[in-house]
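Here's the structure we're looking at; comments come further down.
Every chain is numbered from 1 and lettered A, B, ... according to where its sequence line falls, protein lines coming before strand lines. Everything quoted here is computed from the prediction, not taken from an experiment. Computed over heavy atoms, backbone and side chain alike; hydrogens, waters and symmetry mates excluded.
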Protein chains: 4
Amino acid sequence: MGIIKEPKQERSIEKRNKILEAGYKLILEKGYYNTNTAEIAKAAGVSSGIVYRYFKDKKDILLQAMQAHFEDLMYNRIFVQFENLTSKEEIPALLPSILQYFVEMHNYGLKEINELTALALLDDDVQEFMEYFRNRTCTVIEETMIRLGYGEEHTKEKAFMIWQLANHLCDDSVLVRHLNLDFDFIFQHSLEQIMDILECKGLEHTF
Amino acid sequence: MGIIKEPKQERSIEKRNKILEAGYKLILEKGYYNTNTAEIAKAAGVSSGIVYRYFKDKKDILLQAMQAHFEDLMYNRIFVQFENLTSKEEIPALLPSILQYFVEMHNYGLKEINELTALALLDDDVQEFMEYFRNRTCTVIEETMIRLGYGEEHTKEKAFMIWQLANHLCDDSVLVRHLNLDFDFIFQHSLEQIMDILECKGLEHTF
Amino acid sequence: MGIIKEPKQERSIEKRNKILEAGYKLILEKGYYNTNTAEIAKAAGVSSGIVYRYFKDKKDILLQAMQAHFEDLMYNRIFVQFENLTSKEEIPALLPSILQYFVEMHNYGLKEINELTALALLDDDVQEFMEYFRNRTCTVIEETMIRLGYGEEHTKEKAFMIWQLANHLCDDSVLVRHLNLDFDFIFQHSLEQIMDILECKGLEHTF
Amino acid sequence: MGIIKEPKQERSIEKRNKILEAGYKLILEKGYYNTNTAEIAKAAGVSSGIVYRYFKDKKDILLQAMQAHFEDLMYNRIFVQFENLTSKEEIPALLPSILQYFVEMHNYGLKEINELTALALLDDDVQEFMEYFRNRTCTVIEETMIRLGYGEEHTKEKAFMIWQLANHLCDDSVLVRHLNLDFDFIFQHSLEQIMDILECKGLEHTF
DNA sequence: TATGAATGAGGATTCATTCAT
DNA sequence: GATGAATGAATCCTCATTCAT
């Protein structure tokens with residue numbers, strides 16, 4: 001037993017997706033350790049047994065849900081931002097809104113990413129997945145930089161730094177508001193740092 | 001009825017500390033949810049029952065261990081660094097080694113901080129403790145800045161940014177090596193960003 | 001999240017009843033505090049986990065078993081006795097056998113009621129249930145008295161006294177035999193006391 | 001080990017009595033199963049270890065406390081009532097106040113007897129002790145009856161019935177008030193029943 | 001395929017009792 | 001004698017996973 005079915009039929013795919021959505025939603029809302037498979041099955045409108053036909057175990061639900069979620073995130077929301085950039089010169093004008101978009105996306109749709117960050121730190125499988133996601137994103141940033149004519153020196157490091165700066169800003173955005181600090185001031189600094197890495201400091205655009 | 005003993009006698013303190021150390025070590029190594037109280041007791045060389053004389057519950061072990069750990073960290077390792085600074089002019093010369101010290105301390109003694117970060121994201125009590133720790137540290141940075149003659153404008157934000165930059169650098173240091181990136185390059189950038197916030201860019205010292 | 005299943009299917013009902021019976025039996029035999037859930041499950045021939053699908057917790061087993069037991073007791077054994085009475089005049093002829101029936105029922109099927117009485121004294125939920133049972137029984141006695149034409153003066157008190165006399169006689173029946181006393185003598189006295197309350201003393205029937 | 005010390009020295013006796021009093025008080029207040037030995041020791045102002053020098057185990061505290069308590073109860077409060085009776089003729093005049101005294105004693109000082117009744121039903125040792133107490137009390141009633149000139153026919157049964165009537169009245173007194181019934185009415189009936197057994201009905205005294 | 005009943009290992013916590021000091 | 005720290009068995013309940021239907 002334990003053979004995982006990769007569903008082909010329409011109804012099966014639909015069922016699998018319902019489990020995925022319900023599982024992801026519940027895990028992000030209530031936490032991985034506070035969500036049990038029976039709840040997920042119930043929320044998905046399926047029986048508890050069927051879960052194990054589509055997923056290896058509880059963690060597999062999370063991993064596959066993350067995959068789907070991040071796949072959507074990367075292709076439909078992040079990469080498209082970079083593809084819009086066609087020349088170095090546009091950066092000062094476009095970067096502020098890109099960065100702002102990231103922060104908003106984080107706050108309004110990915111606030112629950114905390115749970116994932118936590119799980120990534122606690123669980124090797126989740127960590128591996130998050131690394132894979134970060135690597136792909138960094139690679140796209142790197143490729144964009146090369147496409148825009150940046151030299152190849154330390155490009156990997158620069159891509160990494162940019163991506164981490166954006167992420168840390170997102171994480172901090174929650175904290176900063178909690179501490180009643182001036183988020184715009186901090187946002188502006190992160191923006192300048194990225195601009196600095198992209199060698200377009202002094203050119204920045206106020207928005 | 002579950003009255004927690006605050007041990008005064010030497011042997012009791014010793015036993016309590018053994019539980020604390022064993023608990024902290026195991027939780028950081030194996031994860032909070034993967035460590036059970038029986039293991040902690042065994043590792044500490046005590047019976048399982050005695051744990052509940054010194055600690056309210058399992059989480060209390062973690063919280064008290066964190067308290068001890070961070071108290072030591074703050075007073076003996078972090079704050080002393082700031083106290084050594086007596087004038088703005090010293091910053092370019094001293095900051096690199098301070099930052100490097102942080103990273104090393106993180107890598108050699110606090111690498112497991114990941115687990116704590118994770119728990120802080122998952123558990124409200126741990127989160128509260130971590131916030132308290134961050135607030136105190138940021139306050140000391142802020143006070144140091146004022147003592148060194150920095151204006152009060154956006155000092156809170158600057159202190160927060162400096163501390164987060166240092167922390168994110170520490171976190172990234174693990175990642176960066178894992179990805180075979182040039183850590184020195186990234187370290188240098190973080191250093192410059194902090195210098196920039198402290199208005200001593202251009203003065204930096206190579207080391 | 002611990003949702004209790006109200007079983008509809010035959011096999012489920014059967015299993016739930018097995019747990020109920022095994023739990024009731026063991027609790028009455030060995031005492032509530034000396035019976036653990038694992039034993040109950042084992043005696044019922046089920047796994048320990050399934051118990052919590054049908055019952056909220058250990059006490060719920062007891063409470064539900066009592067409910068079933070007393071429901072049967074009241075409707076099928078006690079109330080039917082009162083319904084048979086159609087006029088005051090019948091009482092002297094019928095009361096002796098009714099009372100005797102109670103005592104026998106107690107001795108042969110409800111001797112374990114001691115355990116329940118004890119639990120009722122120790123536990124608020126059990127106490128509440130026992131009160132509910134007593135109230136309903138007293139109410140039926142009261143209604144019967146009114147139906148038979150007794151005045152309404154102190155009817156509630158009289159119903160209570162009759163019921164307590166019957167119960168105390170049942171309890172005493174065990175003790176009395178243990179002490180080698182003449183139970184018939186005591187039985188006769190209790191009977192007379194009830195007759196007295198029902199104003200039919202002097203009319204009594206020897207049996 | 002495990003040798004129980006029968007203390008002779010004044011300080012030891014005092015310590016033993018403190019444990020006895022504290023244990024009895026706590027057990028009656030909070031229930032046997034909800035009171036632990038550490039609490040008893042603390043309330044008695046002694047160490048938890050010393051308890052086991054004076055008492056075999058936890059139950060032994062209860063049993064010895066009951067012994068002391070009932071010894072006092074019987075000799076100083078109950079038997080003295082019977083000794084005051086010097087002739088049959090006094091009964092109608094004195095019985096009401098004796099009975100009333102019992103009920104009050106129960107309500108004001110022995111209300112907690114519920115806990116003991118419960119334990120007697122649950123535990124064989126406690127049951128045995130309660131039986132011993134009842135037997136002695138019934139014997140004294142019996143002896144009093146003989147002394148007052150009652151014939152010996154069914155005297156044991158009569159003594160038992162009188163004692164149980166008094167006890168049941170005490171127990172019911174709590175219930176009856178809870179149910180908003182007229183206690184005086186019920187009290188009067190119990191009194192009459194006892195009078196009846198003592199062949200002095202019709203002679204009763206209103207009070 | 002699908003169901004959901006059933007399994008049973010696992011874990012935090014309590015507490016009567018013992019024992020080193 | 002006295003202390004109170006230490007022991008460790010015992011127990012209720014949860015839940016990921018399996019399996020009979």
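- Contact annotation for R11(D): backbone-only contact, meaning every heavy-atom pair under 4.0 Å involves sugar-phosphate atoms and none involves a base.
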* Dot-bracket encoding of pairs in DNA chain F, which uses [ ] for pseudoknotted crossings and | for another strand, Watson-Crick or G-U under 3.5 angstrom -> .||||||||||||||||||||

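- When side chains are defined from C-beta on, L20(C) does not count as touching Y54(C), because their heavy atoms never get closer than 4.5 Å.
- Comparing I50(B) and K58(B) by the nucleotide of DNA chain E whose heavy atom lies nearest to each, the residue mapping closer to the 5' end is K58(B).
- Aromatic ring centres of Y132(D) and F70(D) lie farther apart than the 6.0 Å criterion allows.
- Between the CD1 atom of I19(B) and the C1' atom of dT13(E) there is a distance of 14 Å, rounded to whole Å.
- Toward the 5' end of DNA chain F, the nearer of the two residues A38(C) and V46(B), judged by each one's closest nucleotide, is V46(B).
- When each of G45(D) and K59(A) is assigned the nucleotide of DNA chain F with its nearest heavy atom, G45(D) is the one assigned upstream, toward the 5' end.
- Among the nucleotides dA6(F), dA9(F), dC13(F), the one closest to the side chain of S48(B) is dA9(F).
- Here CD1 of I61(D) is found 13.0 Å from CD of E21(D). Values are rounded to the nearest 0.5 Å.
- Distances were taken from every side-chain heavy atom of N36(A) (C-beta onward) to each of dA6(E), dT7(F), dA16(F); the shortest belongs to dA16(F).
- Nearer to the 5' terminus of DNA chain E, by closest-nucleotide assignment, is the contact made by R53(C) (compared with the other of R53(C) and K56(B)).
- Using a 4.0 Å heavy-atom distance criterion, K15(A) is classed as a sugar-phosphate-only contact.
- The aromatic rings of Y33(D) and Y33(C) sit parallel, their planes meeting at an angle under 30°, below the 60° perpendicular limit.
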